[in-house]
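Shown next, in C-alpha cells, is the structure this report addresses.
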There are 2 protein chains.
Amino acid sequence: MRIGELSEKSGVSVATIKYYLREGLLPAGELSRPNQASYDDGHVERLRYIRALIDIGKLPITQVREVLAMVHSPSPNIHDALGTALQASVTVRGTASPEAQKEIDELVVRRKWQVSPNAPGRRAAAEVITALRQLGADDLVDLLDEYAKAVERIARLDLRFVRERSSPEAMVNGAVIGTLLGDSLIAALRRLADEHVSAEAFQT
Amino acid sequence: MRIGELSEKSGVSVATIKYYLREGLLPAGELSRPNQASYDDGHVERLRYIRALIDIGKLPITQVREVLAMVHSPSPNIHDALGTALQASVTVRGTASPEAQKEIDELVVRRKWQVSPNAPGRRAAAEVITALRQLGADDLVDLLDEYAKAVERIARLDLRFVRERSSPEAMVNGAVIGTLLGDSLIAALRRLADEHVSAEAFQT
C-alpha cells in the first residue's frame, strides 16, 4: 500500500509516519517506483505498537527506539531480556534522599525480593518516598509493606501471562506491553476501584 | 525570605518560581519594599507540592491549577470531593473501541463496583484494552478480572490512609497525593516485584 493508505489504516498522519521513517523507528517501504515506496501490514502493526508506547506508555521517542531494538533482538537469557524490558520504562526525574533509598532497600530485604542492587526501580521508588515524606504524607509511607504485598500479587499475574507465551521474542514483547500498558491499566482500574470503596465508605 | 532563598530551599529555579507566580499557581509574596517581595514556609511547601504533581504525578500545568483550586476549597460532600480528586488525574489521549468500553462496563458490573456511569476511569481503562487488543495481547486482557481483584486490594489501602486523616481538607489532599504519587509508587514497586518473580521463575 502507499503512504496515504498506511496513514488511514494506522490512524497515524502522513507527516508523523515520515518522521518515524527518518528517525528509523519504522523500516523503509519497498521502492515500487523511484519515487514511490510501498508498505505492508507489518508497517501498520509497527505503527500501532509505536503509538501505544507513546500514547499509553508515555515513552519519549528515544526510549521507543531502545524498546524496538530490544524486542527485535532479545538477549538469549530470558530473565536478562525481561530485565532490560522492565528497565527501559523506568524514568528517573526527581531526587531521592539516602533515607528513602534505605527504606526501599530494606523493604526489598524484608519481602525477600531477588532484585539486582542497581535496579532502577529502587531509585524510582525512593524518589516517590522522598516526595511523599516532603509532602508530609508519612501516613501513606507507613503502608509501604502493604502496598508491596498487593503489588506482588500483580507481579504474579504479570509473570503468568508472559510465561505462557510461546517464544522468547513473544515473551519479551509481552513484557514490554504488559509493563507499559499494564501501568496504565492498573492506574485506570485503580480509579474505578477507589471510587467504589469511597462510595461504600462514605455514601451509606 | 527573598526569592533567591525560596529557590534554594525549594530546589526550584528563580525563573520557574516567577513563572508559577505569573500563572497564579503560587500566591504572591508580601511586599516588604516596593520592589521586593517576601516569602514564607508556606511558599516552600506549595512549591514542593507543585513539583511533586509535575515531576512524579506528571500533571500538566493546567491540571496542577485545577488540583490546587480543589484542594483549597473541597466540596462539603467528602465522596464528591474525593471523586473530583480522582478524576483530575485521568488523562484521555487515545481511542476506545465500543467493544472495549463494553468489556469495562461489564467488568464493573461483575465486580459489583459502585462507579458513576461517566467516570473517566471507564474510558481510560477501555483505551488500554483497545490498545492491548490491537497489539494482539488478548492473553493479557484474559486476566482482566484477576487484575481488577488485585487492584481492589490496593484501593482498600488507599481508602484506609485517606479515612484516617483528620479533616476533609486533609482527606482530599491525601486523595490527590495518594492517587498521583501512588500510581508512580505502584509502578516502581511493580518493577521490583516483576524482577523478583522473573528471577524465581527463570533463574533457579
Side-chain angles (χ1 to χ4, degrees), chain A residues 48-49 52 55-56 78-79 82-83 86 90 93-94 108 113-115 119 121 124-125 128 131-132 134-135 137 139-140 143 146-148 150-159 161 163-164 174 177-178 181 183-199 201-203, chain B residues 48-49 52 55-56 78-79 82-83 86 90 93-94 108 113-115 119 121 124-125 128 131-132 134-135 137 139-140 143 146-148 150-159 161 163-164 174 177-178 181 183-199 201-203:
Chain A
R48 284 196 183 136
Y49 195 71
D55 286 341
I56 302 187
I78 185 70
H79 177 66
L82 294 179
L86 287 174
V90 179
R93 290 175 67 175
V108 167
W113 280 352
Q114 301 176 47
V115 173
V128 186
L132 287 170
Q134 277 189 345
L135 296 170
D139 46 351
L140 200 155
L143 296 172
E146 299 291 325
Y147 277 101
V151 168
E152 206 175 307
R153 262 174 76 139
I154 289 178
R156 298 208 180 277
L157 292 171
D158 295 340
L159 178 70
F161 118 88
R163 270 200 112 143
E164 282 167 6
I177 294 175
L181 275 66
D183 281 348
S184 301
L185 182 63
I186 290 163
L189 291 176
R190 184 170 170 239
R191 299 293 176 281
L192 298 174
D194 277 347
E195 182 176 335
H196 167 63
V197 296
S198 163
F202 300 111
Q203 291 221 300
Chain B
R48 286 198 180 132
Y49 194 71
D55 286 339
I56 302 187
I78 185 71
H79 177 67
L82 293 180
L86 287 175
V90 179
R93 291 175 69 178
V108 167
W113 281 352
Q114 301 176 47
V115 173
V128 186
L132 287 171
Q134 276 190 345
L135 296 171
D139 46 350
L140 201 155
L143 295 172
E146 299 292 323
Y147 277 101
V151 169
E152 205 175 307
R153 260 174 77 141
I154 289 179
R156 298 209 180 276
L157 291 172
D158 295 341
L159 179 71
F161 120 88
R163 272 200 111 144
E164 282 168 6
I177 293 175
L181 275 66
D183 281 348
S184 301
L185 182 64
I186 290 162
L189 292 177
R190 185 171 168 238
R191 298 295 175 281
L192 297 174
D194 277 347
E195 183 177 335
H196 167 63
V197 296
S198 163
F202 299 109
Q203 292 220 299

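With respect to A:Asp183 and B:Arg191, a salt bridge is recorded, a charged nitrogen being found less than 4.0 Å from a carboxylate O.
In plain terms, the two heavy atoms of B:His196 and A:Gln114 that are nearest each other are ND1-N, 2.9 Å. Nearest heavy atoms, B:Ala188 versus A:Gly121: CB-O, 4.0 Å. B:Leu143 approaches A:Phe161 most closely through the heavy-atom pair CD1-CB, 3.4 Å. Closest approach of B:Ala131 to A:Leu181, counting heavy atoms only: CB-CD2, 3.8 Å. Nearest heavy-atom pair across B:Val197 and A:Ala155 is CG2-O, 3.6 Å. Annotation for B:Tyr49 and A:Leu135: closest pair CA-CD2, 3.5 Å, computed over non-hydrogen atoms.
Between atom CG of residue B:Leu159 and atom CD of residue A:Glu195 there is a gap of 13.0 Å, rounded to the nearest 0.5 Å.
Interface summary for chain A: among B:Arg153, B:Glu152, B:Arg190, the most heavy-atom pairs under 4.5 angstrom belong to B:Arg190. Note: B:Asp139 leads B:Asp139, B:Leu132, B:Val108 in heavy-atom pairs under 4.5 Å with chain A. Here A:Arg48 is the residue among A:Arg163, A:Arg48, A:Glu164 with the most heavy-atom pairs under 4.5 Å with chain B. Contact count against chain A (heavy-atom pairs under 4.5 Å) is highest for B:Gly178 among B:Ala119, B:Ala148, B:Ser184, B:Gly178. With chain B as the partner, the residue from A:Ile186, A:Ile154, A:Asp158 showing the most heavy-atom pairs under 4.5 Å is A:Asp158. Each of B:Ala137, B:Ala125, B:Gly174, B:Ser198 has some count of heavy-atom pairs under 4.5 Å with chain A, and the biggest count is that of B:Ser198.
Contacts between A:Ala52 and chain B at a heavy-atom distance below 4.5 Å involve the side chain alone, from C-beta outward.
Put simply, the side chain of A:Leu140 reaches to within 4.5 Å of the side chain of B:Leu185, judged on heavy atoms.
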